[in-house]
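Please read all numbers here as calculations on a predicted model, not as lab measurements. Order of the sequence lines sets the chain letters (A, B, ...), proteins ahead of strands, with each chain counted from 1.
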Protein chains: 2
Amino acid sequence: MADACQHHHHDGPPGAAEVERALDAAGTRLTAEGERMTAARSRVLALLLAAGEPVKAYDLIARFGEDGQPAKPPTVYRALEFLERKGLAHRIASISAYVACTSGGRDHAAAFLICDCCGTTREVSSPVAGDLGRAADAAGYAIERTTIEAHGRCPACRIAV
Amino acid sequence: MADACQHHHHDGPPGAAEVERALDAAGTRLTAEGERMTAARSRVLALLLAAGEPVKAYDLIARFGEDGQPAKPPTVYRALEFLERKGLAHRIASISAYVACTSGGRDHAAAFLICDCCGTTREVSSPVAGDLGRAADAAGYAIERTTIEAHGRCPACRIAV
DNA sequence: TTTGTGATGTTATCTCATAACACTCCGCCT
DNA sequence: AGGCGGAGTGTTATGAGATAACATCACAAA
């Protein structure tokens with residue numbers, strides 16, 4: 001997925017220290033909420049954070065074991081479901097991939113700008129309160145969750161190639 | 001998918017005559033554009049129109065043959081890809097289903113209000129030009145296509161149950 | 001009529017995701 | 001300490017969604 005194209009990109013994955021910090025923060029918050037940051041959950045979140053871009057579930061499964069041993073699918077899917085429920089990760093439906101939440105946030109609506117060239121994404125605050133919310137109001141719908149994903153080219157990929 | 005709940009809903013599927021008319025219009029337009037409305041494409045579009053709500057690909061596959069014989073998956077997936085490319089159908093990524101376009105439109109961006117109770121959807125004009133477009137502009141992204149799906153409850157389902 | 005392009009038929013396989021059930025861990029109550 | 005209960009995990013198997021690859025066919029343009 002990443003680096004399908006050859007040119008250079010900014011915004012590489014965070015270093016180990018940053019991952020560690022985000023992981024700690026997540027663990028602290030979960031504990032405060034009475035949830036448990038178990039080994040599987042922590043590992044999956046660490047993989048997502050380290051990747052810094054959307055990752056396929058089966059890539060997480062393959063990378064799960066520190067020793068190279070893959071996980072069983074339910075292990076990872078359960079962790080993903082939990083992380084998503086807690087707002088620590090998001091599923092990108094249009095590409096069936098998962099990404100760590102970058103907006104610090106609890107369970108919140110998110111929107112994504114996805115570069116089809118280099119595979120990176122940018123999470124932006126969801127416009128649920130905006131156009132879509134107005135359309136829903138007009139139609140009498142009560143919105144509970146949204147999937148908002150825009151595909152295109154990031155600034156770097158617009159220039160290059 | 002439909003009628004998971006028991007109460008009554010408005011907006012049932014269109015009658016055979018309406019399907020026929022929409023099918024004719026699509027065929028005419030495609031011919032004018034130099035495209036071919038083949039049997040498989042026509043059949044898949046007819047199924048989508050008759051359903052009037054999102055349909056899973058494998059349901060289309062199962063219903064494909066008039067005699068009850070299922071189609072082979074590629075037959076239906078190819079037709080869906082074509083119809084989507086021509087703006088006659090849309091994929092709803094968040095539920096992996098397909099729906100006939102109800103905005104008369106060529107290839108256009110669409111947004112959907114999806115009722116998780118009764119399974120119906122409502123296509124609304126895409127707010128690409130709105131919040132999301134502004135977010136993309138601000139971030140320097142060039143958007144090529146969007147996936148905008150809001151889940152919740154339709155007016156009928158908000159009242160009932 | 002030839003020829004090339006787009007569409008279809010067919011087989012096989014790949015990817016994505018979850019059902020079901022046994023078992024374990026851990027906090028809590030007594 | 002003992003034992004209950006709920007959340008989490010391990011494991012097997014399977015269901016659901018989608019596509020690769022290649023042979024064949026239909027059709028309009030040359």
Subject >> Under 3.5 Å: donor-acceptor pair, side chain of B/Thr31, backbone of B/Gly27 >> reply: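 Yes; judged by distance alone, with no hydrogens or angles, the pair exists.
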Between [atom2] of [N] and [atom1] of [X], the distance in whole Å:
{"X": "B/Gln69", "N": "C/dG9", "atom1": "CD", "atom2": "P", "value": "14 Å"}
{"X": "B/Lys86", "N": "C/dG6", "atom1": "NZ", "atom2": "C1'", "value": "13 Å"}
{"X": "A/Ile61", "N": "C/dT15", "atom1": "CD1", "atom2": "P", "value": "12 Å"}
{"X": "B/Ile92", "N": "D/dA18", "atom1": "CD1", "atom2": "P", "value": "12 Å"}
{"X": "A/Arg91", "N": "C/dC16", "atom1": "CZ", "atom2": "C1'", "value": "8 Å"}
{"X": "A/Glu35", "N": "C/dC26", "atom1": "CD", "atom2": "P", "value": "16 Å"}
{"X": "B/Leu83", "N": "C/dT8", "atom1": "CG", "atom2": "P", "value": "10 Å"}
{"X": "B/Leu30", "N": "C/dG6", "atom1": "CG", "atom2": "P", "value": "16 Å"}

Original post:
In terms of side-chain heavy atoms of A/Lys56, which of C/dC16, D/dG8, C/dA17 is nearest?
Top reply: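 Among the listed nucleotides, the one closest to the side chain of A/Lys56 is C/dC16.
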Subject >> Criterion side chain to side chain donor-acceptor pair (under 3.5 Å) on A/Ser94 and A/His151, from CA distance to verdict >> reply: CA-CA 9 Å; A/Ser94 59; A/His151 286 261; 2.7 Å; yes
Subject >> Residue list, side-chain contact (heavy atoms from CB on, under 4.5 Å) with B/Ala93, at least two apart or on another chain >> reply: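 With sequence neighbours excluded, B/Ala93 shows a side-chain contact (heavy atoms from CB on, under 4.5 Å) to A/Ala93, B/Arg91, B/Thr147, B/Glu149, given in chain and number order.
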**OP:** Could you tell me which residues satisfy side-chain contact (heavy atoms from CB on, under 4.5 Å) with A/Arg36, sequence neighbours excluded, listed by chain and number?
**Re:**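 Once residues adjacent in sequence are excluded, the partners of A/Arg36 under the side-chain contact (heavy atoms from CB on, under 4.5 Å) criterion are A/Thr38, A/Arg41.
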**OP:** Report yes if some heavy atom in the side chain of A/Leu80 is under 4.5 Å from a heavy atom in the side chain of A/Leu60; otherwise report no.
**Re:**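 Sidechains of A/Leu60 and A/Leu80: in contact.
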Original post:
Can you find a heavy atom in the side chain of B/Pro155 that is under 4.5 Å from one in the side chain of A/Tyr141?
Top reply: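 Yes, close enough: below the 4.5 Å cut-off.
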Subject >> Residues within residues 70-81 of chain B bordering DNA chain D, heavy-atom distance below 4.0 Å >> reply: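 Result for residues 70-81 of chain B: B/Pro73, B/Pro74, B/Tyr77, B/Arg78, sorted by number.
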Original post:
A/Phe112: what forms a ring pair (Phe, Tyr, Trp, His ring centres under 6.0 Å) with it, not counting sequence neighbours?
Top reply: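 By the ring pair (Phe, Tyr, Trp, His ring centres under 6.0 Å) rule, A/Phe112 matches A/His90.
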Original post:
B/Ser96 side chain N/O closer than 4.0 Å to the phosphate oxygens (OP1, OP2) of C/dC16?
Top reply: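 Checking B/Ser96 against C/dC16: no side-chain N or O falls below 4.0 Å of OP1 or OP2.
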Original post:
Looking only at heavy atoms, which two atoms of A/Cys115 and A/Arg153 are closest? And how far apart?
Top reply: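 So the two residues come closest at SG-CA, 3.8 Å.
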**OP:** For the pair A/Arg29 and A/Glu35, evaluate salt bridge (charged side-chain N to carboxylate O under 4.0 Å, His left out) and give the outcome as yes or no after the intermediate values.
**Re:** CA-CA 9 Å; A/Arg29 207 192 83 201; A/Glu35 300 286 355; over 6 Å; no
Original post:
Which parts of nucleotides 24-30 of chain D does protein reach within less than 4.0 Å, heavy atoms only, written one letter per nucleotide 5' to 3' as B for base, S for sugar-phosphate only and - for none?
Top reply: ---S---
**OP:** Please work out which residues in residues 40-50 of chain B have a non-hydrogen atom less than 4.0 Å from an atom of DNA chain C and list them by number.
**Re:**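 Under 4.0 Å from DNA chain C: B/Ala40, B/Arg41.
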Subject >> 5' priority, DNA chain C, between B/Tyr58 and B/Ala39 [closest heavy atom] >> reply: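 The 5'-side residue here is B/Ala39.
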**OP:** Report the distance from atom CG of A/Leu132 to atom CG of B/Leu113, rounding to the nearest 0.5 Å.
**Re:**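 Going from CG on A/Leu132 over to CG on B/Leu113, the span is 6.5 Å.
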Subject >> Under 3.5 Å side-chain donor-acceptor pair for A/Glu53 and A/Thr120 >> reply: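 A/Glu53 vs A/Thr120: no donor-acceptor pair found between side chains.
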